[in-house]
Amino acid sequence: MSLLTRDVSCREAVELVTDFLEDALSARDRRRLERHLAKCDGCAGYLEQVRAVVVATGAVGPEDLEPATLQGLVELFEQYKGDS
Amino acid sequence: MCPREPGREDGKSGARKYAATVDDGVLLEKLLVGDQDAFRLLVSRYHNSLVRVARYHVDSDAAAEDVAQDTWVAVLRGVHKFEGRSSFKTWLFKILVNRSRTAGSRDRRQVSLDPTSVEPTVAPSRFDGAGAWTDPPTPFDDLVSAHLDDEVVVRAIRDAVRELPEPQQAVVTLRDVEGLSTYEVSALLGLTDGNVRVILHRGRAKVRAALEGVVRGGLT
Ligand SMILES: [Zn+2]
């Protein structure tokens, strides 16, 4: 609501970042955020950090599998591999 | 970095890199002819994410592990029926969710979310009274991408994700760790797209804060 009446603050801008990246902001909110980002290095830096986090989270992937868990799954494989 | 042979998934970054270079489709074809190494790579790639997402649906770690194991049995029994209309990953997580429901450990939780909640995702101390940065973030993309193999970075990200409360953990795992679309995530978890975005927003903010902490602590 505040977005309709005045410039977005940095504190508000950071809460819009996910909807911005997900392309889920209204056209009006998107324009307001883009205007803010164009003149605010801090928020542009924040957006860039979040983008980097998404890329890094995907690159790093899930936790490594415990050897015992892997072994248990391989035993399942040996038991069921003929079934398909 | 030395290349590793398949089947040696001991959790080193080299193994992770190797696994990431082999396409799921290639592994599935090998799985069809009973190749154990292909199975090892697939479970190394997905099992822990399956457990994490199962944990959203069932009420204990042990039950989540069981559901994830049941999922692999279903994969082994049904791999010849997989037609490639969706990605293997999507198929796999759909099986998991169906198994979780069959396990019936509990009805899917009511996620009570107030999308208008103003719980801040950045420490209020970083803004002045007018809401402008007093301690602005600086871009760290180049630095982080150059250090993706560093244990300190890997640890920071994985620990941050593991410490997320549900449903943030399931949403961040599916959306960011596994790269499924928001649409797929909402279907798998029985949430609206809007709620997925709210949950994702909170989860990502915590991972960002953890990574920023590592960067500020000094990456060289
Ligand atoms: Zn700003």
Side-chain angles (χ1 to χ4, degrees), chain A residues 1-2 6-25 36-37 39-84, chain B residues 9-11 16 20 32 34 36 39-40 43-49 52 65 69 72-73 76-81 120-122 124 127 130-133 136-141 144-145 148 153-154 157-158 161-162 172-173 176-179 182 193-194 197 200-201 204-205 207-208 211-212:
Chain A
M1 195 165 54
S2 55
R6 59 182 171 81
D7 277 355
V8 56
S9 71
C10 301
R11 185 162 45 208
E12 291 162 332
V14 297
E15 304 301 346
L16 298 174
V17 158
T18 304
D19 281 352
F20 178 75
L21 292 174
E22 295 271 309
D23 206 13
L25 287 178
H36 180 86
L37 290 169
K39 62 177 189 195
C40 178
D41 287 346
C43 286
Y46 187 85
L47 177 68
E48 196 271 359
Q49 284 190 351
V50 174
R51 281 201 172 109
V53 163
V54 174
V55 171
T57 303
V60 161
E63 298 281 342
D64 297 324
L65 204 48
E66 292 289 333
T69 307
L70 178 59
Q71 190 50 41
L73 290 166
V74 167
E75 281 162 21
L76 268 188
F77 171 81
E78 291 302 328
Q79 192 179 340
Y80 288 98
K81 69 177 175 184
D83 283 14
S84 66
Chain B
E9 286 295 288
D10 57 2
R16 205 157 49 232
L32 269 170
Q36 194 197 89
F39 185 72
R40 282 171 176 266
V43 296
S44 298
R45 192 176 286 180
Y46 292 122
H47 184 73
N48 280 338
S49 287
R52 213 169 256 166
E65 187 66 40
Q69 284 195 16
W72 290 114
V73 171
L76 290 170
R77 286 178 161 163
V79 62
H80 63 287
K81 288 183 283 190
T121 55
V122 176
F127 303 106
W133 292 104
T138 46
F140 56 42
D141 186 23
V144 167
S145 56
L148 281 178
V153 170
V154 171
I157 293 172
R158 289 179 173 176
V161 174
R162 197 182 53 231
V172 169
T173 295
D176 288 348
V177 179
E178 297 300 341
T182 294
D193 287 1
R197 286 193 299 268
L200 184 64
H201 181 67
R204 270 183 188 169
V207 182
R208 187 212 64 85
L211 211 45
E212 186 183 53

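In what follows, chains carry the letters A, B, and so on, assigned in the order in which the sequence lines appear, proteins first and then strands, with residues in each chain numbered from 1. Remember, predicted model here, so these are calculated numbers, not experimental data.
- Residues A:Lys81 and B:Gln36 have side chains not in contact (no heavy-atom distance under 4.5 Å, counting atoms from C-beta outward).
- Proximity to chain B is limited to the side chain of A:Leu21, based on heavy atoms less than 4.5 angstrom apart.
- When the candidates B:Val172, B:Leu211, B:Val43 are compared by the number of heavy-atom contacts under 4.5 Å with chain A, B:Val43 comes out ahead.
- Contact detail for A:Ser9 and B:Gly131: the closest heavy-atom pair is CB-O, 3.8 Å.
- Looking at A:Cys40, the atoms closer than 4.5 Å to chain B (heavy atoms on both sides) all sit in the side chain, from C-beta outward.
- Here B:Arg204 is the residue among B:Arg52, B:Arg204, B:Glu178 with the most heavy-atom pairs under 4.5 Å with chain A.
- Judged by distance alone, with hydrogens and angles left aside, the side-chain atoms of A:Glu15 form a donor-acceptor pair with the main-chain N or O of B:Thr121 at under 3.5 Å.
- The contact between B:Ser49 and chain A is made by backbone and side chain atoms together, counting heavy-atom distances below 4.5 Å.
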Check your understanding: side-chain contact (heavy atoms from CB on, under 4.5 Å) between A:Glu22 and B:Leu200: does it pass, once the steps are laid out?
Key -> CA-CA 10 Å; A:Glu22 295 271 309; B:Leu200 184 64; 3.8 Å; yes
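- Taking CG of A:Asp19 as the start and NE2 of B:His201 as the end, the distance is 8.0 Å to the nearest 0.5 Å.
- The shortest heavy-atom contact between A:Pro62 and B:Asn48 is CB-CB, 4.4 Å.
- A donor-acceptor contact shorter than 3.5 Å is absent between the side chain of A:Gln49 and the backbone of B:Phe140.
- Rounding to the nearest 0.5 angstrom, the gap separating the CD atom in B:Gln69 from the CD atom in A:Glu75 is 10.0 Å.
- The shortest non-hydrogen separation linking A:Gly42 to B:Pro136 is CA-CB, 3.9 Å.
- Most heavy-atom pairs under 4.5 Å with chain A: of the set B:Lys81, B:Arg162, B:Glu65, this distinction falls to B:Arg162.
- Contact of the B:Trp72 side chain with the A:Phe77 side chain is not registered, since no non-hydrogen atoms from C-beta on lie closer than 4.5 Å.
- For the options A:Leu73, A:Val74, A:Val54, heavy-atom pairs under 4.5 Å to chain B are most numerous at A:Leu73.
- Every side chain to side chain contact (heavy atoms under 4.5 Å, CB included) that A:Glu66 has, sequence neighbours left out, goes to A:Thr69.
- The distance from atom OG1 of A:Thr57 to atom CZ of B:Arg158, rounded to the nearest 0.5 Å, is 11.0 Å.
- If you measure heavy-atom distances from B:Phe39 to chain A, the contacts under 4.5 Å come from the side chain alone.
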Exercise for review: Please assess A:Leu70 against B:Ser44 for the test side-chain contact (heavy atoms from CB on, under 4.5 Å), listing each intermediate value before the final yes or no.
Suggested key: CA-CA 7 Å; A:Leu70 178 59; B:Ser44 298; 4.1 Å; yes
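- Top candidate by heavy-atom pairs under 4.5 Å with chain A, chosen from B:Val122, B:Val144, B:Thr173, is B:Val122.
- Expressed to the nearest 0.5 Å, how far CH2 of B:Trp133 lies from CZ of A:Arg11 amounts to 11.0 Å.
- Heavy-atom pairs under 4.5 Å with chain B were tallied for A:Ala13, A:Ala56, A:Pro67, A:Gly72; the largest tally goes to A:Ala56.
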